[in-house]
K.L.:
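Take a look at this one; I'll ask things after.
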Number of protein chains: 2
Amino acid sequence: MREFKRQSRVLLIDDNADHLRGVKELITLESSYDVVGATTSANMGINLAKKYRPDIILMDINMPEKDGLQAIQEIGKLDLDVRVIALSAYDDADLIFRAMKIGAKGYVLKTMASAQLIYAMDEVAAGKIYLPTALTSRFFEYFQNSFKEEAKTSAEENLLSDLTAREEEVLDLLTQGNNYKGIAGKLFISETTVKTHVNNIFQKLQVNDRTQAVLYALNNGFAQRRKIVA
Amino acid sequence: MREFKRQSRVLLIDDNADHLRGVKELITLESSYDVVGATTSANMGINLAKKYRPDIILMDINMPEKDGLQAIQEIGKLDLDVRVIALSAYDDADLIFRAMKIGAKGYVLKTMASAQLIYAMDEVAAGKIYLPTALTSRFFEYFQNSFKEEAKTSAEENLLSDLTAREEEVLDLLTQGNNYKGIAGKLFISETTVKTHVNNIFQKLQVNDRTQAVLYALNNGFAQRRKIVA
DNA sequence: TTATTTATCAATCCAAAGATGTAGGACAAA
DNA sequence: TTTGTCCTACATCTTTGGATTGATAAATAA
């Protein structure tokens, strides 16, 4: 199968020269891959990525000089249509999570068998995202952990459900940073009416001011949130 | 291996009676599992879960009567030490994401081979989280998609980096809903000093009031966020 | 029908927040 | 030493926000 496909161009970035050489030799043995560059410097790696436009980058993320995760992020911003596989010595859940979060298409441990790396590259070259089973499990533990409390509270009796439709509209505008005047203008009602609604919202949510109301809303599933944990 | 371990108690919830029967027969053939209950009703399933305390629940999440995801969430709130595997006819990324988010330990398609289901149960019974490779890939596509914009902006010129250490402390307290007095008390400085800091923060973040500052902070990776997309 | 809820608006009052200018002391870099 | 930044603090003033009370009209539930 793989033999008939066009070769994938690979760039290697790993501050450990020995490991870099080893991986290079390994991949060179694979007919479906062509190593177009190899460097021990993250910054140099970014430059090589711009220059050679590889299909795949194998990026060591445990580098002292420059953080590999940061390098992945920077490469991501370049819109190079390159797929990055993170290489790491550690199966730390937080590392895995962060790597996947910033768009790594795979995460492979350096201690894994070389066949596993090649398999990951095959999958990623085919447009998939690949994580070894054991790491997937780690990832999900971390992932679910970050939602643990939310899962318990969100379906619960949540004061937000006491709000009327109009109050929800007002709260929504509050969560967008509007003041009374802004809300009044957007809802075509008077400022005093808005004040009335906002005061009712405070009562119902049991908060003292708009900032607390906004925080309550955001922390309890109100409004569209698109971000996650650091 | 499995034969020597204590049997895992399984509860089946699936509104499709035929499929329910099929799965039950399948699992009954496995010596390591004991089906302690089977029902076509999500609500009944929750009651059975409370009553029999199964080790594993296979939950169909595509039920008309009651949403299976909601049922998983409710079971999660009971703290029953039960592991739920979601069964679904669809490999929709959003469904998978939501199921995993609320704590499902696995997600298996009804169309998958029975061996796959048993394998998933084995893994989950062993304390792991199991997602078939194909679904893992879907999950990650969805996952990374929800971070796409953030990945591009967060490393970018972010006004938060202009803040001094003290200002960050103040902003952090703002994002917790504190007013001037509260912040002054917590930092052991005068209220007027807090005002100075806050005003400087407004300048640097280019916002007009505390609510906008808090929203900016939350939307730009500042502070501990534990929530994600709806 | 009668109550209740909801949405609207207003007046008033006080507290809090925000804008602006000034300034001293600590500390680090040039 | 000088310069600059940061943290601290205060005074003053204006604006906004929040609490409270009261009122009208429409829709809705009992």
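Proteins get letters first, then strands, A, B, ... in listed order; numbering begins at 1 in each.
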K.L.:
Could you tell me, to 10°, how much the axis swings from one end of the helix from dT1(C)-dA30(D) to dA30(C)-dT1(D) to the other, five pairs per end?
P.N.:
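Overall, the helix from dT1(C)-dA30(D) to dA30(C)-dT1(D) bends by 50° from one end axis to the other.
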K.L.:
Could you tell me if the side chain of Asn208(A) sits less than 4.5 Å from the side chain of Phe202(A), heavy atoms only?
P.N.:
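Phe202(A) does not reach Asn208(A) side chain to side chain.
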K.L.:
Anything under 4.0 Å to a heavy atom of chain A counts; send over the first and last such nucleotide of DNA chain C, read 5' to 3'.
P.N.:
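The protein-touched segment is dT6(C) to dA10(C).
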K.L.:
Whole-Å distance between dC7(D) P and Glu169(B) CD?
P.N.:
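That distance rounds to 9 Å.
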K.L.:
Please work out which residues in residues 194-211 of chain A have a non-hydrogen atom less than 4.0 Å from an atom of DNA chain D and list them by number.
P.N.:
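Here the set is Lys195(A), Asn199(A), Phe202(A), Asn208(A), Asp209(A), Arg210(A).
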K.L.:
Measuring from Gln70(A):CD to Asn43(A):CG, what's the distance to the nearest 0.5 Å?
P.N.:
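Rounded to the nearest 0.5 Å, the CD-CG separation comes to 9.0 Å.
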K.L.:
Under 4.0 Å, heavy atom to any atom of DNA chain C: which of residues 178-190 of chain A qualify?
P.N.:
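Within residues 178-190 of chain A, the residues near DNA chain C are Ile189(A), Ser190(A).
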K.L.:
What pairs of residues pass the salt bridge (charged side-chain N to carboxylate O under 4.0 Å, His left out) test when at least one of them lies in residues 178-204 of chain B, not counting sequence neighbours?
P.N.:
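The answer is Glu167(B)-Lys204(B).
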K.L.:
What distance separates Asn179(B) CG from Arg210(B) CZ, expressed to the nearest 0.5 Å?
P.N.:
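Here the rounded value is 6.5 Å.
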K.L.:
I'd like to check Ile61(A) versus Ile72(A) (side-chain heavy atoms, cut-off strictly below 4.5 Å). Are they in contact?
P.N.:
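Sidechains of Ile72(A) and Ile61(A): in contact.
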K.L.:
Could you give the distance from CE (Met59(B)) to CD1 (Ile46(B)), rounded to the nearest 0.5 Å?
P.N.:
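Answer rounded to 0.5 Å: 6.5 Å.
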K.L.:
Taking only N/O atoms, report every protein-nucleotides 25-30 of chain D pair under 3.5 Å with atom names and distance.
P.N.:
none

K.L.:
Are Pro132(A) and Met112(A) close enough that some pair of their side-chain heavy atoms sits under 4.5 Å apart?
P.N.:
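In short, these two side chains touch, coming nearer than 4.5 Å.
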K.L.:
For a 4.5 angstrom cut-off between non-hydrogen side-chain atoms, does Gln206(A) reach Tyr216(A)?
P.N.:
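No, every pair of side-chain atoms sits at 4.5 Å or beyond.
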K.L.:
Could you tell me if the side chain of His19(B) sits less than 4.5 Å from the side chain of Asp60(B), heavy atoms only?
P.N.:
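Heavy-atom side-chain distance check fails, nothing below 4.5 Å.
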K.L.:
Looking at Phe140(B) versus Tyr107(A), is the centre-to-centre ring distance below 6.0 Å?
P.N.:
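No, too far apart.
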